[in-house]
Amino acid sequence: MPATAATRRRAQPEAPAPDGARDPEQLRALHAALEDWFGAEARDLPWREHDRTPWGVLVSEVMLQQTPVVRVLPVWREWMARWPRPADLAAEPAGEAVRAWGRLGYPRRALRLHAAATVIAAEHDGELPDTEEGLLALPGVGTYTAAAVAAFAFGRRATVVDTNIRRVHARLVGGEALPAPSLTAAELRRAAILLPADRERSVVWNAAVMELGALVCTARSPRCAECPVAGACAWRAAGEPPPTYTPRGQAWHGTDRQVRGAVMAVLRAAEQPVTRELLDREMVGSAGSEPSAPGSTHHFAEAGGPLRDAITRLHALGTGPDQLERALAGLLADGLAVEAEGHLRLP
DNA sequence: AAAACGTGGCC
DNA sequence: TGGCCAAGTTT
């Protein structure tokens, strides 16, 4: 049956299907455009250098979970210099990883990286697993990180889906301002459809889409004028409709999380274990008052700038006894702190 | 499966 | 100024 004008229109709709099923020609053009753009505009990040190691890629991916690149860079360099191989990290106490984590946030990531290094050293002869499945079994490695390391460290064809990629797909293909609040099965299917069949191209595509989301197709005020695929963007074609929901932020002030963070800052800064009694006496219910001067107790005798600052910050929270108790219990349960003989310290 | 989990910069 | 946001994982 000869194709009529009507059937041709149905076969080639103006807007791409939201599941990403564009025709092969469109897809190929998309792949080529982003490949070129990435080649010209990609940032020079150390974990993309030729001398990178799979371990370095894993460390970068974990550090980058919910943490901006600029903050990760110096810490990643420090880690690589100090612990160039998983076994190097595994040879040290977990607390060293937590301390070297600095202020990246979510310090249990440091704990899990140390645990992963221990597994790699003990069960994998010091080498990272080179499959998604093997990587996924490591502590702190979820679906995103497993796919990312498989692709970027081992050159595998993996469906990488992070927050940047989700946003780019939502706009470019889905015609929506933002992806759903949480990852859906439909998004995974769409990402799989969009992934180039060619292995090497798939690696570049993953990196390119992620980079586009980070540099151009940003959450707030996207730079569409600089976008290499703006002409193919379903969101623009639809007139850039606003988000259909408003993301709700995380509570912070007055939360246990805030107290945990302040306690961890003290433990990181402290050269010696900190007495539990000190936390209770100096930091509970004393908002508005002054913390004891460094040197007023033997615990503070050697309090330098960083420790003093951390203590001052915790003091300023005016944490109540119940909340301090809860926060400490949480830290101990998570293994981020250890209590022995009335003292608290990093593990 | 919703909720917990740090931190700092930006508009 | 305060809410939003950043290469998520775990329970």
Side-chain angles (χ1 to χ4, degrees), chain A residues 42-43 45-48 56-76 98 101-113 115-116 135-153 158-168 177-185 187 191 206-215 217-222 243 245-268 310 313-314 317 323 326-327 329-331 333-337:
Chain A
R43 291 167 293 181
L45 300 173
W47 44 85
R48 289 176 177 166
V57 173
L58 174 64
V59 172
S60 78
E61 291 300 342
V62 174
M63 287 184 172
L64 287 164
Q65 291 168 6
Q66 306 284 280
T67 305
V69 166
V70 285
R71 225 176 304 164
V72 165
L73 280 169
V75 182
W76 184 87
V98 174
W101 195 251
R103 311 171 76 67
L104 289 184
Y106 293 147
R108 38 189 185 195
R109 289 182 293 164
L111 228 40
R112 292 180 179 143
L113 220 26
L135 290 160
L136 202 47
L138 296 172
V141 176
T143 56
Y144 161 74
T145 303
V149 174
F152 304 140
T159 305
V160 180
V161 181
D162 78 322
T163 189
N164 286 309
I165 291 177
R166 292 185 64 211
R167 188 174 55 251
V168 171
L178 294 174
S182 56
L183 181 62
T184 66
E187 282 182 272
N206 281 321
V209 177
M210 207 179 308
E211 192 79 340
L212 188 74
L215 299 182
C217 196
T218 55
R220 287 171 297 197
S221 43
Y245 71 99
T246 53
R248 46 173 304 173
Q250 303 173 328
W252 174 246
H253 291 288
T255 61
D256 288 358
R257 225 167 13 143
Q258 189 181 27
V259 179
R260 287 170 57 112
V263 172
M264 287 304 296
V266 170
L267 296 185
R268 279 198 309 268
R313 231 176 304 130
L314 178 53
L317 291 180
Q323 188 172 33
R326 252 198 330 276
L331 290 175
D334 288 345
L336 282 166

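Every chain is numbered from 1, with letters handed out A, B, ... down the list of sequences. Please read these numbers as outputs of a predicted model, since none were measured by experiment.
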Residue pair A:Ala214/A:Leu136 against DNA chain C: nearer the 5' end by closest nucleotide is A:Ala214
At 4.0 Å (heavy atoms only), tell me whether [X] reaches a base, stays on the sugar-phosphate, or touches nothing.
X	value
A:Arg260	sugar-phosphate
A:Gln250	base
A:Leu45	base
A:Arg167	sugar-phosphate
A:Thr163	sugar-phosphate
A:Ala148	nothing
A:Arg43	base
A:Leu104	base
A:Trp101	nothing

Using 0.5 Å steps for rounding, measure from the [atom1] atom of [X] to the [atom2] atom of [Y].
X	Y	atom1	atom2	answer
A:Arg43	A:Arg48	CZ	CZ	5.5 Å
A:Trp101	A:Thr67	CH2	OG1	7.0 Å
A:Leu58	A:Thr145	CG	OG1	7.5 Å

Side-chain contact test, heavy atoms from C-beta onward, threshold under 4.5 Å: evaluate it for [X] versus [Y] and give yes or no.
X	Y	value
A:Thr255	A:Gln250	no
A:Leu138	A:Leu135	yes
A:Trp47	A:Met63	no
A:Val62	A:Arg112	no
A:Val161	A:Glu187	no

Rounded to the nearest angstrom, tell me the gap between atom [atom1] in [X] and atom [atom2] in [N].
X	N	atom1	atom2	answer
A:Glu211	C:dA6	CD	C1'	14 Å
A:Leu111	C:dG8	CG	P	20 Å
A:Gln66	C:dG8	CD	P	5 Å
A:Leu64	C:dA7	CG	P	9 Å
A:Leu331	B:dG6	CG	C1'	11 Å
A:Arg109	C:dA7	CZ	C1'	10 Å
A:Leu73	C:dA7	CG	P	13 Å
A:Leu183	C:dA7	CG	P	15 Å

With P as the reference atom in both, quote the distance from C:dA7 to B:dA2 in angstrom, rounded to an integer.
->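 It comes out at 23 Å once rounded to the nearest Å.
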What residues in residues 137-146 of chain A put a non-hydrogen atom under 4.0 Å from any atom of DNA chain C?
->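 By residue number: A:Pro139, A:Gly140, A:Val141, A:Gly142, A:Thr143, A:Tyr144, A:Thr145.
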Proximal nucleotide (of C:dA7, B:dG8, C:dG8) relative to the A:Tyr106 side chain |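 Among C:dA7, B:dG8, C:dG8, the one nearest the side chain of A:Tyr106 is C:dG8.
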So which one's nearest nucleotide on DNA chain B is more toward 5', A:Arg257 or A:Arg220?
-> A:Arg257
Answer yes or no: does a side-chain N or O of [X] lie under 4.0 Å from OP1 or OP2 of [N]?
X	N	result
A:Gln65	C:dA7	no
A:Arg108	B:dA4	no
A:Arg268	B:dT7	yes

With a 3.5 Å cut-off and just heavy-atom distances, do the side chain of A:Arg112 and the base of C:dT10 make a donor-acceptor pair?
->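 Check fails, no donor-acceptor contact within cut-off.
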Side chains of A:Glu61 and A:Tyr144: donor-acceptor distance under 3.5 Å anywhere?
-> yes
